[in-house]
Q: 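What follows is a structure written as structure tokens; I'll ask about it next.
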Amino acid sequence: MFKTPRGTVDILPDDQPYWRHVEAQATELCERFGYRRIDTPIFEESGLFVRSVGEATDVVEKETYSFSDRSGDSMTLRPEATAGVCRAYLQHGMHVLPQPVRLYSVSAPMFRYDRPQAGRQRQFHHVNVEAIGDPDASVDSEVVELAWRFFAGVGLRNLTLVLNSIGDQACRPGYLEALRRYYEPLVPGLCADCKRRFHENPLRLLDCKKESCQPHAREAPRSLDHLCEACRAHWDELTASLDLVALPYTVDHRLVRGLDYYTRTVFEVLPPAEGAQSTLGGGGRYDGLIEQLEGRPTPGVGFACGVERIILNMKRQGVTLAQQAPVKAVVAYVGGAAKGPALKLASDLRAAGLSVVLAPAGKSLKAQMRFAGALQASYVLIMGDDEVRDGTVTLKEMAGGEQRQVPVADAATTLEPRWVL
RNA sequence: GUGGGCGUGGCCAAGUGGUUAAGGCGCCAGGUUGUGGCCCUGGAGAUCGAGGGUUCAAUUCCCUUCGCCCACCCCA
């Protein structure tokens with residue numbers, strides 16, 4: 001039997017209310033903040049991600065779904081949204097629009113070839129926002145605020161917002177150097193992963209979860225202490241702005257992010273239960289990215305969060321949502337002569353705006369009633385020989401049990417004032 | 001890629017080295033003529049993940065494999 005591929009899931013009807021809620025919330029909020037919806041392809045030329053996300057990152061190095069298409073071009077299922085949105089910004093000349101260009105996506109499928117576990121799948125979905133074309137810290141502040149409001153809006157509580165600045169091209173090299181100098185003598189005492197990190201990506205030394213490495217990370221040089229003047233000013237304005245709008249952020253000097261393109265601002269939102277896969281969403285500024293993609297130097301800042309993780313946490317926090325409303329009426333019928341009229345009646349009622357289902361064929365009336373009961377239909381309309389002969393239909397209200405005959409032509413209008421209930 | 005746990009009908013789930021592998025939910029049908037929800041009765045549905053081995057005999061023991069879950073790595 002065929003099954004969903006590893007790391008993928010079916011989003012079944014019972015779960016759809018969560019998705020709809022998250023999507024509706026995201027859409028409303030983004031548009032309230034002046035963002036406009038964009039959808040980009042779920043696959044792009046492989047080079048786009050190599051150039052943007054970074055060749056040496058895990059995401060690109062070992063997690064991409066890549067394939068050559070029939071013409072031999074290398075394509076990659078997108079592992080994140082920013083690269084594609086920036087590509088679209090360039091491709092469509094959005095630099096002529098008023099800057100920054102604010103764009104959002106909702107439930108955009110992403111793909112990473114990871115080993116699945118709680119809150120981690122190979123196909124997952126992002127809510128994503130990007131504000132491209134404005135270096136000002138007020139835009140960073142806006143994106144952080146939008147992210148924060150979004151989580152509150154979907155019903156999540158007790159979240160943590162962590163914030164940091166990792167500098168830019170001017171000051172990052174100096175910071176990395178300081179970091180290396182600090183860690184060099186410590187390398188022998190580090191865990192195996194950190195030994196590797198020391199060489200591959202020293203920034204990551206900071207967020208090692210190992211007990212033995214924690215003290216080193218805590219005492220490590222802080223990027224905030226190594227910011228150049230411009231980055232410092234940007235950071236100061238950002239924090240001041242967040243204070244103004246009363247966002248309860250926590251500065252975490254060990255916050256770094258996994259994609260190479262971030263500059264200055266980085267932030268994450270974490271759920272209350274610390275542990276694996278705790279990141280609900282994250283983002284930051286990427287002032288060098290567009291240039292990497294062969295555009296004119298253009299600043300940008302964005303945020304992405306995982307819909308699956310949001311829903312996981314909504315469930316953990318007991319957020320409940322109403323299921324899709326059951327069908328209002330079932331049309332049942334007895335005898336072959338009634339089938340046509342029943343089908344016609346169901347059609348007419350639907351045309352009148354009522355949600356209606358025709359009972360399955362070949363069942364006794366009893367079975368059809370059970371069917372209607374199982375669907376939680378409010379009404380059953382029964383069509384039989386008598387009704388066909390008289391041009392009527394028997395209307396039964398399931399809740400109270402009372403029923404009466406009404407002319408078929410009046411069925412819709414008879415129900416209309418009541419189906420609101 | 002590394003480590004750990006688990007795999008019994010659609011779902012949940014008991015169970016034993018040996019006749020027809022419990023039960024619950026769900027599904028289907030019936031409980032007299034064209035009527036639901038409760039209740040009652042009956043029914044369908046499992047080669048006990050797969051392959052191999054041990055044994056007179058394995059769902060139950062061993063090996064392998066696949067799958068799922070959890071954790072690491074990394075990230076959403």
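Every chain is numbered from 1 and lettered A, B, ... according to where its sequence line falls, protein lines coming before strand lines.
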Q: Determine the Euclidean distance between corresponding C1' atoms of U55(B) and G17(B); express it in Å to zero decimal places.
A: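 Between the two C1' atoms, the distance is 9 Å.
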
Q: Going by 5.5 Å between centroids and 30° between planes, is there a stack of Phe371(A) over G36(B)?
A: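 No, Phe371(A) does not stack on the base of G36(B), since the centre distance and plane angle fail the 5.5 Å and 30° test.
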
Q: Rounded to whole Å, how long is the line connecting atom CG of Asn128(A) with atom P of A76(B)?
A: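 So the CG-P distance, Asn128(A) to A76(B), works out to 11 Å.
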
Q: With the side chain of Arg370(A) defined as its heavy atoms from C-beta on, choose the nearest nucleotide among G31(B), G34(B), C72(B).
A: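 Closest nucleotide to the Arg370(A) side chain: G31(B).
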
Q: Any salt bridge between Glu23(A) and Arg20(A), counting N to O under 4.0 Å?
A: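 A salt bridge is absent here (no side-chain N lies under 4.0 Å from a carboxylate O).
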
Q: Give a yes or no on whether a donor-acceptor pair under 3.5 Å exists between the nucleobase atoms of G67(B), that is its base, and the side chain of Arg115(A).
A: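 Answer is no: no donor-acceptor pair is held.
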
Q: Rounded to the nearest Å, what distance is computed from the CE atom of residue Met398(A) to the C1' atom of nucleotide C38(B)?
A: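 So the CE-C1' distance, Met398(A) to C38(B), works out to 14 Å.
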
Q: Categorize Gln121(A) for me: base, sugar-phosphate, or nothing, with a 4.0 angstrom heavy-atom threshold over every strand shown.
A: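 Base contact - Gln121(A) has a heavy atom under 4.0 Å of at least one base atom.
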
Q: Rounded to whole angstrom, note down the P distance from C48(B) over to G18(B).
A: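 So the two P atoms sit 15 Å from each other.
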
Q: Under 3.5 Å, is there an N or O donor on one side and an acceptor on the other linking the side chain of Arg309(A) and the base of C75(B)?
A: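 Result: at least one qualifying N/O pair found.
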
Q: Apply salt bridge (Lys or Arg N to Asp or Glu O under 4.0 Å) to the pair Glu402(A) and Lys396(A), showing each step before the final yes or no.
A: CA-CA 6 Å; Glu402(A) 63 274 15; Lys396(A) 172 161 183 168; over 6 Å; no

Q: Paired with C56(B) by Watson-Crick or G-U wobble geometry, both distances under 3.5 Å: which nucleotide is it?
A: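 Matched C56(B) with G18(B) under the 3.5 Å cut-off.
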
Q: Across all strands shown, which nucleotide pairs with A71(B) by Watson-Crick or G-U wobble geometry, both distances under 3.5 Å?
A: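 For A71(B), the partner nucleotide comes out as U2(B), under the 3.5 Å rule.
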
Q: Is the Lys NZ or Arg CZ of Arg285(A) less than 6.0 Å from the centre of Tyr262(A)'s six-membered ring, within 45° of the axis?
A: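 Output no; distance or angle outside limits.
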
Q: Nearest whole angstrom, please: distance from the C1' of A29(B) to the CG of Leu365(A).
A: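 Taking CG of Leu365(A) and C1' of A29(B), I get 15 Å after rounding.
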
Q: Could you please name the partner base of U64(B), counting Watson-Crick and G-U wobble pairs only when both distances are under 3.5 Å?
A: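 Looking at the geometry, U64(B) pairs with A50(B).
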
Q: Pair Asp39(A), Arg37(A) - check salt bridge (Lys or Arg N to Asp or Glu O under 4.0 Å), show working.
A: CA-CA 7 Å; Asp39(A) 290 288; Arg37(A) 176 160 174 158; 3.0 Å; yes

Q: Evaluate salt bridge (Lys or Arg N to Asp or Glu O under 4.0 Å) for Arg102(A) paired with Glu130(A), printing each intermediate quantity in order.
A: CA-CA 6 Å; Arg102(A) 295 178 163 89; Glu130(A) 311 288 353; over 6 Å; no

Q: Under 4.0 Å, counting only non-hydrogen atoms across every strand here, what does Ala81(A) touch: a base, just sugar-phosphate, or nothing?
A: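 Result for Ala81(A) = nothing.
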
Q: G43(B) pairs with which nucleotide, Watson-Crick or G-U wobble, both distances below 3.5 Å?
A: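 With both distances under 3.5 Å, G43(B) matches C27(B).
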
Q: Taking atom P in both A29(B) and G36(B), what distance in whole Å separates the two?
A: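 Between the two P atoms, the distance is 13 Å.
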
Q: Using the closest heavy atom to pick a nucleotide of RNA chain B for each, name whichever of Glu63(A) or Asp386(A) lands nearer the 5' end.
A: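 Upstream on the strand: Asp386(A).
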
Q: Taking atom C1' in both G9(B) and C28(B), what distance in whole Å separates the two?
A: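 After rounding to an integer number of Å, I get 15 Å for this pair.
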
Q: Picking from C74(B), G30(B), G34(B), which would you name as closest to the side chain of Ser364(A)?
A: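 Of the candidates, G30(B) comes closest.
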
Q: Indicate, with a heavy-atom threshold strictly under 4.0 Å, whether Ile310(A) touches base, sugar-phosphate, or nothing.
A: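 Nothing: the residue Ile310(A), judged by heavy atoms under 4.0 Å, touches no strand.
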
Q: Without decimals, in angstroms, what is the distance between Lys366(A) NZ and C38(B) P?
A: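 My rounded result for the distance is 12 Å.
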
Q: Among G31(B), A76(B), G34(B), which is the nearest nucleotide to the side chain of Thr279(A)?
A: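 Ranking G31(B), A76(B), G34(B) by closest atom to the Thr279(A) side chain puts A76(B) first.
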
Q: Arg122(A) CZ to A76(B) P: how many Å, rounded?
A: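 Interatomic distance, CZ of Arg122(A) to P of A76(B): 18 Å.
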
Q: Looking only at N and O atoms, is any donor in the side chain of Lys396(A) or the base of U35(B) less than 3.5 Å from an acceptor on the other one?
A: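 Answer is yes: a donor-acceptor pair is held.
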
Q: Give Asp114(A) one of three labels, base, sugar-phosphate or nothing, depending on what nucleic acid heavy atoms sit under 4.0 Å from its own.
A: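 Base contact.
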
Q: C74(B) C1' sits how many Å from Arg112(A) CZ, rounded?
A: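 Interatomic distance, CZ of Arg112(A) to C1' of C74(B): 9 Å.
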
Q: Using a heavy-atom cut-off of 4.0 Å across all strands, would you classify Glu268(A) as base, sugar-phosphate, or nothing?
A: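 Here Glu268(A) touches no strand at all.
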
Q: Tell me whether Glu268(A) is salt-bridged to Arg257(A), with the criterion being a basic N under 4.0 Å from an acidic carboxylate O.
A: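 So Glu268(A) pairs with Arg257(A) through a salt bridge.
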
Q: In whole Å, measure the gap between the C1' atoms of U64(B) and U54(B) for me.
A: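 Per the computed distance, 15 Å lies between those C1' atoms.
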
Q: Please measure how far the C1' atom in G26(B) lies from the corresponding atom in G53(B), and state the result in whole Å.
A: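 The answer is 39 Å between these two C1' atoms.
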
Q: Report the nucleotide, chosen from G67(B), A71(B), A76(B), that has the shortest atom-to-atom distance to any side-chain atom of Gln117(A).
A: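 Looking only at side-chain atoms, Gln117(A) lies closest to A71(B).
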
Q: Identify the nucleotide, in any strand shown, that forms a Watson-Crick or G-U wobble pair with A76(B), with both distances under 3.5 Å; if there is none, say none.
A: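 Base partner found: none.
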
Q: Rounding to an integer number of Å, can you tell me how far Gln403(A) CD sits from U35(B) P?
A: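 It is 10 Å, rounded to the nearest whole Å.
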
Q: Counting the atoms with a prime plus P, OP1 and OP2 as sugar-phosphate, which does Arg204(A) contact under 4.0 Å by heavy atoms, base, sugar-phosphate, or nothing?
A: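 Result for Arg204(A) = sugar-phosphate.
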
Q: Check whether any side-chain N or O of Arg6(A) sits under 4.0 Å from OP1 or OP2 of C68(B), and answer yes or no.
A: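 Checking Arg6(A) against C68(B): at least one side-chain N or O falls below 4.0 Å of OP1 or OP2.
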
Q: Give the nucleotide from the list C74(B), G34(B), A71(B) with an atom nearest to the side chain of Asp58(A).
A: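 The listed nucleotide nearest to Asp58(A)'s side chain is C74(B).
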
Q: Let's go through Ser105(A) and Val127(A) carefully: what are the C-alpha distance in whole Å and the side-chain angles of both, what is the deciding distance for side-chain contact (heavy atoms from CB on, under 4.5 Å) to 0.1 Å, and is it a yes or a no?
A: CA-CA 6 Å; Ser105(A) 304; Val127(A) 167; over 6 Å; no

Q: Are Asp15(A) and Lys315(A) close enough for a salt bridge, meaning some N to O gap below 4.0 Å?
A: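 So Asp15(A) pairs with Lys315(A) through a salt bridge.
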
Q: Provide the distance between the two P atoms, one in C62(B) and one in C6(B), to the nearest whole Å.
A: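 Taking atom P in both C62(B) and C6(B), they lie 12 Å apart.
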
Q: I'd like to know if Lys62(A) reaches the base of G1(B) with its side chain such that a donor and an acceptor end up less than 3.5 angstrom apart.
A: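 Absent.
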
Q: Name the nucleic acid region contacted by Gly401(A), choosing base, sugar-phosphate or nothing; use a 4.0 angstrom heavy-atom cut-off, strictly under.
A: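 Gly401(A): base contact, heavy atoms under 4.0 Å.
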
Q: Any side-chain to backbone donor/acceptor pair from Asn313(A) onto Arg309(A)? Under 3.5 Å, distance only.
A: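 Yes; judged by distance alone, with no hydrogens or angles, the pair exists.
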
Q: Below 4.0 angstrom from OP1 or OP2 of C66(B), is there any side-chain N or O of Lys3(A)?
A: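 Checking Lys3(A) against C66(B): no side-chain N or O falls below 4.0 Å of OP1 or OP2.
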
Q: Grab the CH2-P distance between Trp19(A) and A76(B) for me, whole Å please.
A: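 Those two atoms, CH2 and P, are 16 Å apart.
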
Q: Using the C1' atom as the point on both nucleotides, what is the distance between A13(B) and G7(B), in whole Å?
A: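 Result for the C1' pair: 13 Å, nearest Å.
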
